[in-house]
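Report on the following structure.
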Amino acid sequence: MQINEETVERNLVRVAEKLGKKKGMNNSEVARRAFGDKGSSITRWRKMRNQNQRLRLADAMKIAKALDVPLDYLLHVTALAMRFRAESLSPPILLEEDDQSAT
């Protein structure tokens with residue numbers, strides 16, 4: 001697996017989406033918590049999930065805050081998920097239902 005900025009962004013968004021689900025949040029709630037109650041917040045999050053919009057560091061910080069986790073935790077879990085996929089190991093518990101499409 002080639003690791004570049006887009007690969008990390010794509011995987012971080014996937015991890016955030018799964019973490020939100022584990023915490024009982026749907027995508028709309030994650031979007032509103034991260035980017036505000038505007039309708040464009042949901043569109044923004046959907047574009048990130050569909051890889052139509054790049055993830056900026058400021059976005060990652062807002063998403064981590066919305067999920068009530070430190071940014072370094074979100075980055076660490078993302079790095080672990082990428083490593084497990086690259087080595088064809090079982091994914092971390094957080095990602096055990098992962099569909100592997102973010103590789």
In a check of side chain to side chain contact (heavy atoms under 4.5 Å, CB included) between Tyr73 and each of Leu19, Leu67, Thr78, which one passes?
-> Leu19
About how many Å separate CG of Leu57 and CG of Leu12, when rounded to the nearest 0.5 Å?
-> 10.0 Å
Here the salt bridge (Lys or Arg N to Asp or Glu O under 4.0 Å) pairs for residues 52-64, sequence neighbours left out, are Glu6-Arg54, Glu9-Arg54, Arg44-Asp59, Arg56-Asp59
From Leu55 CG over to Asn11 CG, what is the distance, rounded to the nearest 0.5 angstrom?
-> 11.5 Å
Starting at CG of Asp37, measure out to CD1 of Ile42 and round the result to the nearest 0.5 Å.
-> 9.0 Å
Assess whether atom NZ of Lys23 is packed by more than 12 heavy atoms of other residues, nucleotides or ligands within 6.0 Å.
-> yes
Residues in side-chain hydrogen bond (donor to acceptor under 3.5 Å, both in side chains) with Glu17, at least two apart?
-> Asn27, Arg49
Is atom CG of Asn26 surrounded by more than 12 heavy atoms (other residues, nucleotides or ligands) closer than 6.0 Å?
-> yes
Least distance between heavy atoms, Val15 atom then Ala81 atom | CG2-CB, 4.4 Å
Atom pair CZ/OG of Arg46 and Ser28 - distance to nearest 0.5 Å = 8.0 Å
What is the distance from atom CZ of Arg14 to atom CE of Met82, rounded to the nearest 0.5 Å?
-> 13.0 Å
Between Trp45 and Ala31 the two heavy atoms that sit nearest each other are CB-CB, 3.6 Å
Note: Ala66 and Ala34 closest approach over all heavy atoms is CB-N, 3.5 Å
Spell out, as yes or no, whether a donor-acceptor pair under 3.5 Å connects the side chain of Ser41 to the backbone of Gly36.
-> yes
